[in-house]
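Notes follow once the structure below has been shown.
The chains referred to below are lettered A, B, ... by the order of the sequence lines, with proteins before strands, and numbering in each begins at 1.
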Amino acid sequence: MSSDALTTSEYIKHHLSNLTYGRFAEGHEHAGHWGFAHNAADAKAMGFMAIHVDTMFWSIFLGALFLLLFARVARNASTGVPGAMQNFVELLVEFVDGIVKGTFNGRNAMVAPMALTIFVWVFLINAMDLIPVDWIPQVAAMAGTTFFGMDPHHVYFKVVPSTDPNATFGMSLAVFVLMLYYSIRIKGVGGFLGELTLHPFSSHNKILQLVFIPINFLLEFVALLAKPLSLSLRLYGNMFAGEMIFILIALMYGGGVALGLFGGMLQLGWAIFHILIITLEAFIFMTLTVVYMDLAHQTGEH
Amino acid sequence: MNINLTLIGQSITFFVFVWFCYKYVWPPLVNALDERTRKIADGLAAAERGKHEKELAEERAKEILREAKNQAGEIISRADKRAAEIVDEAKQEARAEGGRLKIAAQSEIDQEVNRAKEDLRGRVVAIALAGAGKVLEREIDENTHAELLNRLAAEI
């Protein structure tokens, strides 16, 4: 338990709240000013004009870590015998390259690097889930108390960005934008609209075709929207559930030695199982992105 | 679980990261991989070529060895033949030389014999003449009977 002053439900709530920076809403004592939300209600009241500092920090930190590491290896890449680090990086590159070559049939040099970025970045973000749930929030609380004079209960710190729907939707939104961009660039506006309206029902009869267009549009539009939605919700749902279980297990440490030991065993087991999940989720996010990109680049059928 | 600016921030971050990866991470790595693949392929091809060349060289070496053996055998047999010839020639020459020497010796012997006979004949004549002279000292005039005595000496 992070603090004996917290009830179980408060503990869970605390763990599920982001460190939110935004403009305080009307009715708040600091209304109109920018600052960190002190509780979930504050954060909610801030509405859209707020940002989850913890989510942004961890995702940018991990992404930068990955890219700088890989860029360094790439800059020093030798064509002779590779070192251990280069070997590892090349393993990932070849793995991603193989998947992209097998799935993506279009011509776009951007897709493979994007797939690599997604895979490693999402993996690292998910891997934050393996760090015991209280470690980093406790450090953050101490830092907040020491350096900013904050009430430790007001220092929220969510470590796993993929348990924040903003992060997963942000990524899938970017993928969606790229999908639309390449669909229109490859197929043209007409081709893209045709894909949305002339499929799956089509007829040579002009009147019947006119009737089919709205039906087709409804079906295809939902299918189109379902892509980014399912992409982000799958990642978010899985990671949120995993995180939740870690939090519940962590609650056991407050229940005496026996329960604490049992909790420790459970945490170990769940963490080991979770290694599989975080990898799988990163892999699925990458693969589906490549598949969507492939669909955006397909021109033959319609 | 509020949707807020984080969404847009995350999207921008995504684009920046993908761009960075596309620009600075992916190309050098893939180039290095391709380059190594090419190097390995070249190396394997060179090894294959080397193996092939070695096989050819071995074949050639065997060929040369076989030829050399044949030549050596030929040379030995020719040498044997020549040796036999030389021995034969030497034998023949020796025989001829021996014959010649024998003939020369024979003729020398003959000459010696003749000379000895001539000498002997002369001495016999002298002795006979001396004997006869002693007997016929008084009766025979050397000058008148010379013809007769010479004929006698020739007969001996």
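Note that CG of B:Leu33 is 8.0 Å distant from CD of A:Gln86, once rounded to the nearest 0.5 Å. Between the CG atom in B:Asn4 and the CE atom in A:Met46 there is a gap of 9.5 Å [rounded to 0.5 Å].
B:Arg36 places a side-chain N or O within donor-acceptor distance of the main-chain N or O of A:Ser78, the cut-off being under 3.5 Å. Remark: side-chain polar atoms of A:Asn166 are paired, donor with acceptor, to backbone N or O of B:Asn2 under 3.5 angstrom.
Enclosure of atom CZ in B:Arg121 by more than 12 non-hydrogen atoms of other residues, nucleotides or ligands within 6.0 angstrom is indicated. Counted within 6.0 Å of CD on B:Glu85, heavy atoms from surrounding residues, nucleotides or ligands total more than 12; the atom is thus considered enclosed. Counting heavy atoms of neighbouring residues, nucleotides and ligands inside a 6.0 Å radius, atom CZ of A:Phe95 exceeds 12 of them.
Contacts of residues 6-21 of chain B with chain A at a heavy-atom distance below 4.5 Å involve B:Thr6, B:Leu7, B:Ile8, B:Gly9, B:Gln10, B:Ser11, B:Thr13, B:Phe14, B:Phe15, B:Phe17, B:Val18, B:Phe20, B:Cys21, listed in sequence order. Listed in order of number, the residues of residues 51-66 of chain B that approach chain A to under 4.5 Å between heavy atoms amount to none.
Ranked by non-hydrogen atom pairs under 4.5 Å with chain B, the options A:Gly47, A:Gly80, A:Ala43 are led by A:Gly80. Options A:Val53, A:Ile60, A:Val177, A:Thr55 differ in how many heavy-atom pairs under 4.5 Å they form with chain B, and the most are formed by A:Ile60. Here A:Ala50 is the residue among A:Ala50, A:Ala115, A:Ala174 with the most heavy-atom pairs under 4.5 Å with chain B. The candidate from A:Thr117, A:Leu67, A:Val93, A:Asp97 with the greatest count of non-hydrogen atom pairs under 4.5 Å with chain B is A:Leu67.
For A:Ala109, the parts sitting under 4.5 Å from any heavy atom of chain B are the backbone and the side chain alike. With a 4.5 angstrom heavy-atom cutoff, A:Val89 touches chain B only via side-chain atoms.
Closest approach of A:Ala77 to B:Pro28, counting heavy atoms only: CB-O, 4.5 Å.
In this structure the side chain of A:Thr79 reaches within 4.5 angstrom of the side chain of B:Lys39, judged on heavy atoms.
Residues satisfying the ring-ring contact (aromatic ring centres under 6.0 Å, His included) test with A:Tyr182, not counting sequence neighbours, are A:His297.
Pairs engaging residues 69-94 of chain A under the ring pair (Phe, Tyr, Trp, His ring centres under 6.0 Å) rule: A:Phe66-A:Phe70 [sequence neighbours left out].
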